[in-house]
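Each remark here refers to the structure printed beneath this line.
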2 protein chains.
Amino acid sequence: MQKQPTIRDVAHAAGVSVAVVSRVLNPGSGPVAPLTRSRVNDVMETLGYHPRTAARELKHGPPTTLGLLLADVSNPFFARLADRVVQEAHARGIQVLLMTTQEDDRLESERLSTLMERRVSGIIATPTGNNLEIWRKLQSLGTGVVFVDRSIPDMPDVDVVSINNIESARSATALLAAYGHKRIAMITGPATSTTGRDRITGYREALRDAGLPQDDALIRSAAFRGTAGGDATTTLLNLQDPPTALVVANTAQVTTVLRRLVHSGVSIPDELSVVVFEDSPWTELMTPPLTIIRQPIDMLARHSVQLALAHASGRTSATPTVVRVDAELVERSSIVAPKARA
Amino acid sequence: MQKQPTIRDVAHAAGVSVAVVSRVLNPGSGPVAPLTRSRVNDVMETLGYHPRTAARELKHGPPTTLGLLLADVSNPFFARLADRVVQEAHARGIQVLLMTTQEDDRLESERLSTLMERRVSGIIATPTGNNLEIWRKLQSLGTGVVFVDRSIPDMPDVDVVSINNIESARSATALLAAYGHKRIAMITGPATSTTGRDRITGYREALRDAGLPQDDALIRSAAFRGTAGGDATTTLLNLQDPPTALVVANTAQVTTVLRRLVHSGVSIPDELSVVVFEDSPWTELMTPPLTIIRQPIDMLARHSVQLALAHASGRTSATPTVVRVDAELVERSSIVAPKARA
DNA sequence: AAACATTGTGGAACCGGTTACACTTTTATG
DNA sequence: CATAAAAGTGTAACCGGTTCCACAATGTTT
């Protein structure tokens with residue numbers, strides 16, 4: 001447990017001043033004679049010197065760290081998003097502090113305090129929907145705040161990156177309608193979430209366009225965590241006039257819904273046609289392979305990182321940026337025309 | 001973009017010295033009159049003061065940040081591990097810097113430099129197997145280094161947390177042998193990885209115990225990334241005397257292997273019995289539900305975080321700690337007795 | 001009541017970098 | 001060749017916290 005050399009140690013060993021070493025460390029910050037430079041570099045090498053980030057950050061706040069505040073990394077959608085965000089950030093020499101909220105606004109508030117104390121240059125987050133004042137404060141401090149996947153309606157002046165939720169839900173629903181389904185159900189996130197609301201909107205539009213009646217009993221908003229998705233499924237199956245088709249409009253609920261369907265002995269697609277918002281490789285391996293809405297995760301990641309950093313580097317446009325990327329509907333075999341019923 | 005108040009601003013506004021404010025900030029570091037304390041707290045509140053982590057860390061290195069260096073977070077196994085590590089760390093007030101190596105030792109070396117400069121108190125990593133000197137240096141600097149899932153044979157003095165790979169592979173193989181399979185294949189990670197090697201060892205032991213012949217053609221080491229797992233599958237299927245059972249011994253390869261099996265029209269379990277090292281909810285939803293080796297991820301996470309921090313807090317035992325937790329074999333329906341062959 | 005311990009507070013050095021500025025040495029220009 | 005401009009280097013202040021130490025005020029012990 002030896003203690004690390006400091007910039008003064010290096011300066012002394014190289015027979016120069018700390019200013020020179022600093023200039024070697026930050027090319028472009030001032031002139032250094034080539035000979036001196038290489039000598040300093042040699043000394044740093046042999047001493048095993050590494051400049052300390054904390055000290056560097058003291059002078060000017062760092063555009064070197066991003067906060068990534070997700071609901072839950074065990075959800076494969078967020079996991080892949082995290083993976084891409086990290087890669088994207090690394091490509092720009094930025095590090096990522098990963099935090100999770102577990103959909104809990106108290107935890108979210110704690111995480112945000114930490115990020116504030118770290119003076120991160122930007123935060124990419126899936127907000128719980130509360131803590132408005134904290135978000136505002138963060139913004140007013142010059143932190144680049146970007147909401148990804150979801151947004152908060154009461155905060156119109158935040159950059160948002162997400163898929164086009166309305167359109168995605170509409171196309172999924174429309175596809176089912178085109179197959180002749182009349183009783184199409186939707187399971188989605190809580191009504192407090194913008195994704196949930198938007199996807200319901202798209203669903204309703206598709207029904208209206210297809211001239212189908214709306215039945216609120218077919219729309220189930222379920223919590224993201226736990227088995228709420230499965231419970232919603234059971235409720236739908238027990239309906240007097242159960243649906244012949246189902247849109248599972250949130251990744252977090254897909255496996256719990258499918259598990260319930262399997263356990264209930266419902267056969268897909270014969271008894272129930274299915275479309276899911278999910279892009280796991282497993283969807284293709286199911287019997288039958290599932291028709292899915294595929295979210296372009298690397299697009300989401302790229303735009304998020306770019307916006308978060310743009311804010312920090314001062315290029316902050318007056319109006320908030322809203323990026324909506326298109327999701328892709330991948331047709332496989334989990335949809336068939338509904339059976340004529342007795 | 002107002003600028004943040006500093007400790008001196010608070011001190012001035014409260015009519016006390018900075019030392020007092022610092023003591024309020026760090027309870028236990030010295031006496032403060034209750035009245036003074038509440039006054040200072042009020043001022044901090046109204047000013048919206050948040051102490052700056054970078055400045056705090058300057059004085060004494062911080063036990064406040066952990067590096068988590070994984071191969072790839074899009075792999076659900078690592079994603080769930082990350083999720084648990086983050087939760088575990090948060091529970092102790094520690095933040096997690098997430099980084100990925102993409103199994104590339106050049107990237108790994110860069111990430112390690114960054115972590116060194118941040119003076120993180122600990123690093124939890126899935127090492128690529130190279131960069132030995134850097135790992136050693138990190139250790140000698142007092143950083144708590146913990147290898148999780150894998151290890152590096154040439155570095156015996158590092159704490160390691162993983163499942164019991166030999167035993168897991170043995171039990172999976174033994175189960176297949178018990179069903180009467182004689183041609184049991186294994187697809188696993190590259191031979192350079194300890195997990196790959198250990199799992200092959202367990203596999204061989206099981207064959208020996210069952211009195212079955214060893215056939216190296218049935219053991220395929222495949223790269224973690226890309227479709228190497230699928231290619232290995234094709235090789236196995238094209239063997240003159242193809243296997244009747246298969247152990248897929250690495251999560252990273254499970255979906256590519258299964259995809260290849262499906263595309264090749266191989267029916268599970270009739271033509272091929274299968275056990276996979278994977279614990280996704282999807283494995284249960286397959287037709288048939290897959291028999292799996294389930295890794296106790298929260299155990300791995302808990303021990304990793306604990307060891308990484310123990311090192312930092314000085315309680316470093318002379319001998320390296322090796323934690324091996326037992327994985328669970330979950331029997332489902334992807335194994336049947338082999339058909340008698342013509 | 002004297003001697004002493006305890007509590008509460010402030011001044012100033014320090015952590016390890018960055019950087020404004022002054023200074024000396026080269027090199028370029030007229 | 002004188003002089004201005006540029007290159008190379010050093011000194012010291014600064015960033016925003018923590019902490020050692022000195023000191024005053026209060027409380028406790030004989």
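Chain letters run A, B, ... following the sequence lines, proteins first and then strands; every chain starts at 1. Computation of the quantities below employed the complete heavy-atom set of this structure, encompassing side-chain atoms and omitting hydrogens, waters and symmetry-equivalent molecules.
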What is the distance from atom OG of B/Ser17 to atom CZ of B/Arg23, rounded to the nearest 0.5 Å? 6.5 Å
Want to settle it: does B/Val16 or A/Leu58 sit nearer the 5' end of DNA chain C, counting the closest nucleotide to each? B/Val16
Looking at A/Ser17, does any N or O in its side chain come under 4.0 Å of the phosphate oxygens OP1/OP2 on D/dG10? yes
Check whether the side chains of B/Thr65 and A/Arg118 place a donor and an acceptor atom closer than 3.5 Å, and report yes or no. yes
Could you state the CD-C1' distance from B/Glu117 to C/dT18, rounded to the nearest angstrom? 15 Å
B/Leu35 CG to C/dG8 P, in whole Å, measures 11 Å
Run the salt-bridge test on A/Arg150 and A/Glu103 with the 4.0 Å N-O cut-off and return the result as yes or no. yes
Assess whether one donor atom and one acceptor atom, taken from the side chain of B/Arg23 and the base of C/dG10, lie less than 3.5 Å apart. yes
A/Lys59 NZ - C/dT18 P separation (whole Å): 10 Å
Which whole-number value in Å describes the distance from B/Arg37 CZ to C/dG8 P? 9 Å
Between CG of A/Asp9 and P of C/dC15 the distance, given in whole Å, is 11 Å
Residue among B/Asn130, B/Thr126, B/Thr100, B/Asn131 satisfying side-chain hydrogen bond (donor to acceptor under 3.5 Å, both in side chains) with B/Glu108: B/Asn131
Which of D/dA7, C/dT19, D/dT19 is nearest the side chain of A/Pro31? It is D/dA7
Checking C/dG10, D/dG10, C/dG17 against the side chain of B/Val20 (C-beta onward), the nearest is C/dG10
Does either side chain, that of A/Thr101 or that of A/Arg111, offer a donor lying less than 3.5 Å from an acceptor on the other one? no
Indicate, with a heavy-atom threshold strictly under 4.0 Å, whether B/Pro51 touches base, sugar-phosphate, or nothing. sugar-phosphate
Would you mind reading off the distance between B/Ile7 atom CD1 and D/dT19 atom P, rounded to a whole angstrom? 11 Å
On DNA chain C, check which nucleotide each of B/Gly30 and A/Tyr49 is closest to and give me the residue with the more 5' one. B/Gly30
Return whichever of B/Ser22 or A/Ala33 has its heavy-atom-nearest nucleotide of DNA chain D closer to the 5' end. A/Ala33
Round to the nearest Å and state the distance from A/Glu57 atom CD to C/dG17 atom C1'. 11 Å
Taking 4.0 Å as the cut-off, does a side-chain nitrogen or oxygen of A/His60 come that near to OP1 or OP2 on C/dG17? no
With a 3.5 Å cut-off and just heavy-atom distances, do the side chain of A/Arg8 and the base of C/dG17 make a donor-acceptor pair? yes
How long is the line joining CD of A/Gln4 and C1' of C/dC15, in whole Å? 14 Å
Need one value for A/Thr36: base, sugar-phosphate or nothing, where a base atom within 4.0 Å counts as base even if backbone is also close, heavy atoms only. sugar-phosphate
